[in-house]
Amino acid sequence: GGAPEDEGTSAPAVRKQLHASLARLQTGYVDVYYLHRPDAPELLDDTLLELARCLRDGAIRCYGVSNYSALQLRALLDAARALGVPPPAACQPPLSLLKTGALDELIPLCAAEGISVMPYQVYEGGLLTGKYRRGAPPPKGSRRDEMPAWLAAPDGAAFDRLEALEADAARMGLDLAGYALRWALGRPAVASAVVGAKNAGQLDAAVAATA
């Protein structure tokens, strides 16, 4: 939409978009409501007050943040404390064997604050599933095949890293995807992981890897 509240996480945007989602989902509440990315700092207090109202009304059971840095999450926590409203229950950063930046400051902060971490990109767009091979074209239907702008072609150094990780996985009796998922779930404060799948077999493999 073209209205100001059709993007971002201002209080009017949260109010409008949450109720639109509830109507589409035909439900009275959502379990976790995410702020998908940080918005302007001057909007933060109003956003937190709106989220607190949504919690009181039962429209959401808890809320989380996604794509926040440790500094941005700390600012939100400080604002929540100053306002006397609930803090976020969840944090959704990108995290994988190839992208470990969240382990430096963000995830330790979540662990200290009792915030559950639910990372995405644990397969790094499919790079950590073993489907891409050195010298071979991307498989049909893969992200690299369908949306090359979303996933750069691996270079020699990337394939060196992927092949080393695959060897580590094999020594543990796992395929690369299972190894990547287990690694992510084993990090501090990680409670679950967002896993993309195109078929039931991929979901079954993800579940089996966590057994």
Side-chain angles (χ1 to χ4, degrees), residues 9 30-39 62-77 80 87-132 138 142-144 146-155 157-198 202-211:
T9 59
V30 292
D31 289 302
V32 186
Y33 187 83
Y34 276 104
L35 303 178
H36 185 62
R37 62 174 64 89
D39 211 327
C62 67
Y63 74 94
V65 298
S66 182
N67 301 302
Y68 273 56
S69 67
L71 185 64
Q72 290 162 333
L73 178 56
R74 172 55 68 191
L76 186 148
L77 290 167
C91 180
Q92 188 185 85
L95 178 68
S96 76
L97 283 161
L98 300 177
K99 187 179 292 179
T100 61
L103 295 172
D104 295 338
E105 296 181 40
L106 180 62
I107 289 180
L109 173 59
C110 290
E113 296 287 342
I115 298 171
S116 294
V117 178
M118 305 180 187
Y120 71 97
Q121 285 189 351
V122 295
Y123 295 143
E124 200 63 37
L127 287 178
L128 289 167
T129 63
K131 69 179 65 173
Y132 299 101
S142 66
R143 176 166 293 189
R144 175 71 189 145
E146 293 180 345
M147 292 179 280
W150 284 24
L151 184 64
D155 58 16
F159 275 118
D160 289 345
R161 175 69 172 144
L162 290 171
E163 289 162 4
L165 290 170
E166 196 162 20
D168 291 341
R171 282 191 286 271
M172 295 183 63
L174 297 168
D175 61 13
L176 183 54
Y179 182 65
L181 180 57
R182 277 199 184 186
W183 177 88
L185 292 173
R187 298 314 94 195
V190 172
S192 65
V194 179
V195 176
K198 286 191 172 183
Q202 291 175 344
L203 285 176
D204 289 342
V207 171
T210 65

Return all side-chain donor-acceptor pairs below 3.5 angstrom for residues 100-108, not counting sequence neighbours, or 'none' if the list is empty.
none

Seminar exercise, completed: On a heavy-atom basis, the closest approach of Gly178 and Ala209 is CA-CB, 3.5 Å
Exercise. Are side-chain heavy atoms of Pro88 and Leu77 found at a separation under 4.5 Å?
Worked result: yes
Exercise. Salt-bridged, Glu113 to Arg74, with N to O below 4.0 Å?
Worked result: yes
Problem set entry | Val122 versus Ala193, closest heavy-atom pair with distance | CG1-CB, 4.0 Å
Exercise. About how many Å separate CG of Leu176 and CG of Leu97, when rounded to the nearest 0.5 Å?
Worked result: 7.5 Å
For this session: Using the side-chain contact (heavy atoms from CB on, under 4.5 Å) rule, take Leu162 and Leu128 through it: C-alpha gap first, then chi angles, then the decisive distance, then the call.
Result: CA-CA 7 Å; Leu162 290 171; Leu128 289 167; 3.8 Å; yes
Problem set entry | Partner set under salt bridge (Lys or Arg N to Asp or Glu O under 4.0 Å) for Asp204, not counting sequence neighbours | none
Problem set entry | Nearest-0.5 Å distance, CG of residue Leu76 to CG of residue Asp39 | 11.5 Å
Problem set entry | Atom CE of Met147: over 12 foreign heavy atoms under 6.0 Å | yes
Exercise. In Å, rounded to the nearest 0.5 Å, how long is the span from CZ of Phe159 to CG of Leu127?
Worked result: 8.0 Å
Exercise. Does the Arg187 side chain pair with the main chain of Trp183, one donor and one acceptor, at a distance under 3.5 Å?
Worked result: yes
Problem set entry | Side-chain donor-acceptor contact under 3.5 Å, Asn67 with Tyr34 | no
For this session: Can you measure from CG (Leu185) to CG (Leu95) and round to the nearest 0.5 angstrom?
Result: 9.5 Å
Exercise. Looking only at heavy atoms, what is the nearest atom pair of Pro94 and Gln121, with distance?
Worked result: CB-OE1, 3.6 Å
Exercise. Are the side chain of Tyr132 and the backbone N or O of Arg144 linked by a donor-acceptor pair below 3.5 Å?
Worked result: yes
For this session: For Ile115 and Cys91, work out which heavy atoms get closest and say how close.
Result: CG2-N, 3.8 Å
Exercise. How many angstroms lie between CG in Leu109 and OH in Tyr68, if you round to the nearest 0.5 Å?
Worked result: 13.0 Å
For this session: Identify the two heavy atoms, one from Cys110 and one from Val117, that lie closest to each other, and give their separation to 0.1 Å.
Result: CB-CG2, 3.6 Å
Problem set entry | Donor-acceptor under 3.5 Å (Ser66 side chain, Gln92 main chain) | yes
Problem set entry | Interatomic distance, Tyr179 atom OH to Asp175 atom CG [nearest 0.5 angstrom] | 12.5 Å
For this session: Output all residues satisfying salt bridge (Lys or Arg N to Asp or Glu O under 4.0 Å) with Asp31, sequence neighbours left out; order by chain, then residue number.
Result: Arg61
For this session: Grab the two heavy atoms, one from Val32 and one from Gly64, that are nearest each other, plus how far apart they are.
Result: CG1-N, 4.2 Å
For this session: Please say which of Arg161, Lys131, Lys99, Arg143 ends up in a salt bridge (Lys or Arg N to Asp or Glu O under 4.0 Å) with Glu124.
Result: Lys99
